[in-house]
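Within every chain, numbering begins at 1; the chains are lettered A, B, ... in the order of the sequence lines, protein sequences first and strands thereafter.
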Amino acid sequence: MVEGGSEELIRIRRRTLRRYALAALAALLLLVASFFVSLVTGPVGISLYDAIMMMFGIGDETQVYIIREIRVPRILCCALVGAALSISGLAMQGLFRNPMASPSVLGVSSGAAFGASLAMAFGLGAAFGSFAVPAMAFILCFGTTFLVYLLARTGGGVSVTMLLLSGIAVGAFFNGMVSAIQYLADGQTLQSIVYWLMGSFASCGWDSFTLALVPILLGIAIIALNSSELNMLSLGEEQAESLGVNVRLTRMLLLTGTSLAVAGSVSISGIIGFVGLIIPHIFRMIVGPNHRILSLLSVVGGAAFMILMDAVARSVISPDDLPIGILTALLGAPFFIYVMRTRRSYRMGAE
Amino acid sequence: MNPKFIAIGVAAIIVAAGAAVLLMPKESKGWYSWDPTVGEVDYTMISATPKIMDVLEDMYSIVYGELPSRETEVPASQLLEYESLVTDTATGIDVQSRSSILPLPSTFEDTVSLTDSEIQNMKIISYSSGLTDCFVSMLGEEQVWDTVVAAGNSTWTNYPDNDMEKWGENSSLGPEYTISTEYLLSYLDYAEAKTNGYHYCVVAWGYIKNYDDLHNSLAGAGFKDVDIICIDYYEVDDFNYLLSIIDAMGRIIGIDPEDNEGISDFQERLYTVKKAVSGKETGRTVYLENPSKKSPGKGTLTELCFDALGLVNINTEDGLVMLNDESIVSDKPSVIFFSEGDTRTMDQKMRVTM
């Protein structure tokens, strides 16, 4: 009986691992495919072969410029931001044990929006020169996390509920400040702020990529390295403690990782909603609630999703550039609802 | 912690990032690579205002060099024609008023009648800086504030502080679309108006949303006979209509078209530019980018300026759109304009990477 049960367990484990491997392989293939699809998508028609050659500087000078200076850095920025927002959403959902959680619940996006608006309307952050807007967005985004953390602190430490409530309050405050700046801003500044808030990769070049690379990779690495702890946190903080997880440290690390990843993202792309919510859920529906595999899939899947969305954004009203935030909401929400309603079994955590 | 999958993921990202850094060109001259003529103009003035001529002249200087001296005699064949928004009546004039707010405000009147007596004692409350500019072009910056007694203050129009002092602190009414009726009423003096026999007329773009509120508030405060003339901003898609507006603004303060310095100044400056351009090699491609990275295309006043300068806009889309950088690089515009208020560095604007 016991032997049979053990064999069954081994079979289940093999099947699960096979499913993980297949999902990971599919996500990687999707990422590679999305890279090449995006590489050949744009107002200027370039074949795949030519585009690949042009990546190495071979071909017509203008088209080489388009591929190397515009498309490749833009695609890489999309990949970075997609990966960062997805894994941050995963971390927030795991940490708060709330399927509706995303990086925005901590008010970080609102903080970033406030920072960027200050830079655009009042020239704050001029010391950062041409990087004033991304720098201010990054600083306020990162700073907001710690403000929320400080506000949530009580005598007995920091509870998840207090974090959530502080995040909502701080987010609402910064949203109000952004609205006030928009109200006071002149026409051109208002237009810039509104466009920034919609999210776009239109301004992303190698400078943006270089700027966001380190904080985003660091953020992703911190979250990914704590994915086992996230699994245990999904059982509840007390159970996690009893299983040897340093809850306080893990929470701090996850918040830091999320802040770094989100701050790096919004600093180059503006606010892009929904990605942090839908990508982790989609993969959770496919492979279940194991955060170790979910971390990898969210990173790869989020990157692929963002690259594809950007390709659509660039081509749907070409040569105009549609803000990607509009698309992620318009296409992402119905797709998410479809997946959610067609999957029978779905579990949020490791319960 | 068993980071098998995680390690693969992180390693993949780092490898991809490393490859990207290797692929990354060391530096790029950006749009300087095709050596375009680059300049900055006051983009905010490419609007329904006579000040658009300042921008046109600046553009000329950037593209062709110094502008020849003003042509004071414009041949009749070169004069821009325009339809008047004003018709004469037995007692004065009727002015067309148009609103783009739908449904129309209940108090809206599409024809505003003014008597000769009212015109002689006219005091203007201008909600729209472009319309204020029309009065400035006719009366000059010294005299204009005797007639324009209150004006919406916006970043589109920045008159010197000493001009603003004449109205007192309350005369600055805030951005045109958020103008406060209460503030306006606190500034207007009913008793003084009656003593001096002033007639007040509000001029505004036809998209003021608080039209009814303004009308009723003014009436409630005793200014029952205040007229409100709206001009439809969205119809201003050519220089001719701009002249119609300057003409109408002149007529309501008693300036006939032949004596309207705003119109003659506009005609002379436009003719000077067109004549100067006729001797140059035209057909160069042009691109203008505002601080939001948007570019004006077909049907915009910017396109009219480009036409007058003999330039061909690479943006063939309608209205204001954000062109993909690829299109711009592909078209290699020979002339590139940026906005003076753009806080980006020139290297950023020209997409230079170090």
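- With rounding to the nearest 0.5 Å, the separation of CG in A:Asp207 from CZ in B:Arg351 is 11.5 Å.
- Of all the heavy atoms in A:Pro43 and B:Asn324, the pair that sits closest is CG-CB, 3.7 Å.
- Contact annotation: the side chain of B:Met322 approaches that of A:Tyr195 to within less than 4.5 Å [non-hydrogen atoms, C-beta and beyond].
- Highest contact tally toward chain A, considering only B:Val329, B:Leu323, B:Asn290, is held by B:Val329 [criterion: heavy-atom pairs under 4.5 Å].
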Which atom pairs, donor and acceptor, lie under 3.5 Å between side-chain atoms of residues 57-66 of chain A and protein residues at least two apart or in another chain?
from	atom 1	to	atom 2	distance (Å)
A:Asp60	OD2	A:Thr62	N	3.3
A:Asp60	OD2	A:Gln63	N	3.1
A:Thr62	OG1	B:Lys332	NZ	2.1

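- Contact count against chain A (heavy-atom pairs under 4.5 Å) is highest for B:Val321 among B:Asn315, B:Val321, B:Thr316.
- Proximity to chain A is absent for every atom of B:Ile314, based on heavy atoms less than 4.5 angstrom apart.
- When the candidates A:Ala303, A:Ser203, A:Gly205 are compared by the number of heavy-atom contacts under 4.5 Å with chain B, A:Ser203 comes out ahead.
- Using a 4.5 Å cut-off between heavy atoms, B:Glu317 contacts chain A through its side chain alone, with no backbone atom that close.
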